[in-house]
Number of protein chains: 2
Amino acid sequence: MRDDPTHLAEQVAVELRHLVYLLRRYSAGQPLTSQQYGVLGSLEHGPRRMTALAEEHAVQLPTMTVQINRLEDAGLVARGTDPSDARVRTVELTAEGRERLQNVRRTRIANLTRELAALTEEERATLAAALPVLAKLGRS
Amino acid sequence: MRDDPTHLAEQVAVELRHLVYLLRRYSAGQPLTSQQYGVLGSLEHGPRRMTALAEEHAVQLPTMTVQINRLEDAGLVARGTDPSDARVRTVELTAEGRERLQNVRRTRIANLTRELAALTEEERATLAAALPVLAKLGRS
DNA sequence: CCTCATGCTTAGCCCAACTAACTTAGTTTT
DNA sequence: AAAACTAAGTTAGTTGGGCTAAGCATGAGG
């Protein structure tokens, strides 16, 4: 039973499902969906093109078009054009979008922080140690 | 910077997003969706009632009704009745459903196992240690 | 009985993903 | 230089998965 990858895989699968449910519970009732917040986050460091956004979010272009349409209607992002290539549309945060992003991120981090603060210091250290391992999953 | 819950929260948030994308990539193109496999898994140890399934999957009853309808149409589950209360519908796996569940679980665990086998023994131990901590999140 | 609560389904809505088809703008080929 | 191809986005249409509201039985209590 010691260091059995299959047994570990089963336990990981169980926890992943738990986390998915947790995330859904957290994002219920928010003004924007978690996908939309994710897109706003991608725009934090400057304008991006549609293809870049779609690829980063593992989504097809039409899906991203619809998301950006909604965010544009809500006044949170603005479309622009690339002077060197008239085919590409750029997307950037509006002032309101940036503000919304900061607010959401603050409260979300605050929630998570509260959960983590309820753990022992040792548990937090255990979690912190595992993060780089989680990051390696799916990179193969 | 040592044991800073806020800083840890930010890193955890990043990894959670990574895991969500990973899961979506894994379940793309499967004959059933991950939700439907999840429901099949709940039926592994015998019949359940609709309310129990809905609660376990953190979903409203109508949503579960639709899911069970689809699984029933596909011949993977069968509805029954509770002899002691004519209001409740029970749901159980058909032989085909059980077979499908076993196949899917095998291949999914196999995939995860392959990923985990690519890690070092120490990394697996780190991950295993963190699982109980992850399980505690959201229980507050 | 009549009323109320419970378990489930139906109907109708919205969001998020997909593919297919189209438009427009660059790039290559001849 | 014109034709053919490729690339970037958008639009249209479908599917899945979630929700609430409303309806229909059935069970439980006055």
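The chains referred to below are lettered A, B, ... by the order of the sequence lines, with proteins before strands, and numbering in each begins at 1.
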**Request:** Please give the angle, rounded to 10 degrees, between the axes at the start and the end of the helix from C/dC1-D/dG30 to C/dT30-D/dA1, where five pairs define each axis.
**Result:** 10°
**Prompt:** Considering residues, nucleotides and ligands other than B/Glu55, do more than 12 of their heavy atoms fall under 6.0 Å from its CD?
**Reply:** no
**Asked** Would one find more than 12 heavy atoms of other residues, nucleotides or ligands at under 6.0 Å from atom CD of B/Gln30?
**Response** yes
Distance in angstrom units between [X] [atom1] and [N] [atom2], rounded:
| X | N | atom1 | atom2 | result |
| --- | --- | --- | --- | --- |
| A/Ile68 | C/dA16 | CD1 | C1' | 14 Å |
| B/Gln30 | C/dA17 | CD | C1' | 16 Å |
| A/Arg25 | D/dG18 | CZ | P | 15 Å |
| A/Leu53 | D/dA8 | CG | P | 14 Å |
| B/His57 | D/dG16 | NE2 | P | 19 Å |
| A/Arg24 | D/dC19 | CZ | C1' | 11 Å |
| A/Gln60 | C/dA21 | CD | P | 16 Å |
| B/Gln35 | C/dA17 | CD | C1' | 12 Å |

**Message:** Tell me the closest heavy-atom pair linking A/Leu112 and B/Ala13, and the distance in Å.
**Reply:** CD1-N, 4.0 Å
**Request:** Taking all non-hydrogen atoms of both residues into account, name the closest pair between A/Leu134 and B/His18 and its distance.
**Result:** O-CE1, 3.4 Å
**Prompt:** When you match A/Thr33 and A/Ala86 each to their closest nucleotide on DNA chain C, which lands nearer the 5' end?
**Reply:** A/Thr33
May I ask you to check whether [X] and [Y] show a side-chain donor-acceptor distance below 3.5 Å?
| X | Y | value |
| --- | --- | --- |
| A/Arg100 | A/Asn103 | no |
| B/Glu10 | B/His7 | no |
| A/Arg108 | A/Asn111 | no |

**Message:** Base contacts versus sugar-phosphate-only contacts with protein, heavy atoms under 4.0 Å: please encode nucleotides 3-9 of chain C as B, S and - from 5' to 3'.
**Reply:** ---BSBB
**Prompt:** Where the side chain of B/Arg124 meets the backbone of B/Leu119, is there a donor-acceptor pair that is under 3.5 Å apart?
**Reply:** yes
**Complete:** side-chain contact (heavy atoms from CB on, under 4.5 Å) filter on A/Ser27, not counting sequence neighbours, yields A/Ser34
**Request:** Identify whether any heavy atom of A/Val66 sits under 4.0 Å from a base atom; if not, whether one sits that close to sugar-phosphate; answer base, sugar-phosphate or nothing.
**Result:** nothing
**Message:** With a 4.0 Å limit, can you tell me whether B/Arg70 has a side-chain N or O closer than that to the phosphate oxygens OP1/OP2 of D/dT15?
**Reply:** no
**Message:** Please tell me if B/Gln36 has a side-chain N or O lying less than 4.0 Å from either OP1 or OP2 of D/dG16.
**Reply:** no
